[in-house]
Amino acid sequence: MPIKILDSQTAERIAAGEVIEDPASVVKELVENSLDAGANQIEISVTQGGKRQIKVTDNGSGIAPSELVPAFSRFATSKLSSLEDLEDITSLGFRGEALPSIAAVSRVTLTSRRKEDFSAMRLRLEGGAGGPPFEVGAPEGTEVVVEDLFYNTPGRLKFLRGAGREMARISSLITNLALAHPECAFTLVSEKRTVLRTTGDGSLLHAIGALYGNEAAAAMLPLRRRDPAGEILLSGFLSAPHFSRASRRWITIVVNGRVIRSPLLAGALERAYGGMLGRQRHPVAVLLLQVPPALLDINVHPAKSEIRFHRPELFNELVFRAARAVLHSPPGWEAGPSWNEEQQRGRKQEGRLQQELLLKPDQLPEAIRGEGPVPPAGDLPSPGEGWEAGRASRAASESGASYSAAEANRGCRLIGQFLYSYLVAQRGEELLLIDQHAAHERVLYHALLSSEPGQRSSQLTVPLNLELPPAWRERFTEIRPFLDEAGFKLEPFGDNSYILRGVPFSVREVGEAGIYALLEELLQEEPAPGEEEREQVLKTIACHRAVKARQPLARAEAEQLLQDWEKTPGAAFCPHGRPTVLRFHRRELDRGFQRKGGRR
Ligand code: ADP
Ligand code: MG
């Protein structure tokens, strides 16, 4: 066959195949354009798994009317002008291929309006041809509707999967993008039903909770570490070993805002767990890497889902060490660089390190933000009331003793109880405030999950007679096995009556009213499917049996709680995903008091 130059339409369709393989790749390109346009609200709506229609609406910068047509020509991009720019590209797109590729193989309608324009412009293309743009009314931002993907390339159309499987790819893609961009609110709608939704409040932990559920969020341990040269910052979350999944799909790796596939880094993460995960089990994790662009080559894959690290060993090592430090130190403690290492690195790091050990204000429990209920003044314990909080420290200063290295390795030391609600403790050079209720809840929940059925039961000295309202009967029968498992010893006594002989954990403070309150809450919960229902019930029981806020604790009790909490996997969060601890490093206090890091 003689050689001939392909006509432009044929060439366009062939080239489109490189970027656009399926509905999910259309969604990916459109959503990345929205993120590049600075959107913080993106809604994706699909019908028939995206085969019939994909609609992406954003509130980003919009496109200038004169640029609507050029945006659809090949290699047209506003994000890059020369090869040198590629060295430090920060946008997700840069090849200028997505819009022309999508347009070549579908019917596209793009509507866009910038803030400064009075009306929006709309452009319709079929198989890449159409126009010109015309004026319409529309809100600020951009909306792209892609219909009948591959209608003009039957060969490709044939290879599309069923709507359900195409939809699964799209949800998994949006899950990853939403984890990579917690500052953006994502909504995914399929056949008019909302499938996923994140709030875009900037908290990665909240995004994890919204996408994977509270149970997953509660199992997350925070991670934060720099490479020795201080150039690469790794942050994010990984699951405590007790929480695992059957595939690697739950590991999300994000480099400079871009979700990538990296068997290398996923492998490094899993090695850090050593034998702690069961066979064929994988962790849930979101690893965020901030890397100077010069250390990467992102232009190795048309869909940019793979990148090349110039020094892979550096990344491998960073992920492994960071994860191992978190998993092998007592729960909730990420091992940052030691105080000395940091001083050697000099003051230039100071600003950057400032925020590292603390949760963001929006992750703080309400009471600390000052928005929660404040106990009436009369209820507040006066300082020093309760146990001999001051005595130990007075003795220490009189004998001239000071903080020693040996003390640093000893684990948490209790200092006192604040407002009868928070335990104040010291560990190494950190001051800890521990929410006693949340911490106890985590301890009890873990104990319930991991012990033999009924093992946690303690006998009541005087059995209680419980009479259940008939309306409770049906749901009660459903949750009865979980109550037995947790350690409630209930014996039927007539029609709707039971004798309660044992309860989970200590017997202190068990009154009829308390038991009814617990049962009522359990019975009113929406039943969750299967295993989740068991976890839901055990969580509620843990919550009820845990010490409350504003409850005075004897010193021994508080010390016991602190010890148990330290040993519990996932200790940094309560079962509902709220933090149990706030930590303040000595260097933050020194900075606050404007000390120069000296000891005097
Ligand atoms: P690239 O993203 O690689 O630049 P695309 O073909 O995806 O190439 O998009 C072409 C251009 O169209 C972009 O560079 C951008 O200027 C503009 N554009 C596309 N989508 C949007 C959007 N949602 N909001 C604002 N501008 C957009
Ligand atoms: Mg793009």
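First listed ligand is number 1; within each ligand, the first listed atom is number 1. Owing to the predicted nature of the structure, the values given are computational and were not obtained by experimental measurement.
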Flag [X] as yes when one of its N or O atoms lies below 3.5 Å from any N or O atom of ligand 1, and as no otherwise.
X   : value
D58 : yes
L99 : yes
N33 : yes
A98 : yes

- Item | Backbone of R124 reached by a side-chain donor or acceptor of T109 within 3.5 Å |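 Not at all, since once roles are kept as given, no pair shorter than 3.5 Å links the two residues.
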- Message: Would the distance check show the side chain of R281 and the main-chain N or O of S244 forming a donor-acceptor pair, the cut-off being under 3.5 Å?
- Response: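 Yes, because the side chain of R281 sits within donor-acceptor range (under 3.5 Å) of the backbone of S244.
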As an exercise, identify every atom of ligand 1 less than 4.0 angstrom from a heavy atom of [X].
X    : answer
P100 : 6 (O)
G62  : 25 (C)
A37  : 24 (N), 25 (C)
A71  : 10 (C), 12 (O)

Answer yes or no: does atom [atom1] of [X] have more than 12 heavy-atom neighbours from other residues, nucleotides or ligands under 6.0 Å?
X    : atom1 : answer
R311 : CZ    : no
R249 : CZ    : no
F159 : CZ    : no

- Scan side-chain atoms only and decide if T252 and N176 contain a donor-acceptor pair under the 3.5 Å cut-off.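 Yes - a donor-acceptor pair under 3.5 Å links their side chains.
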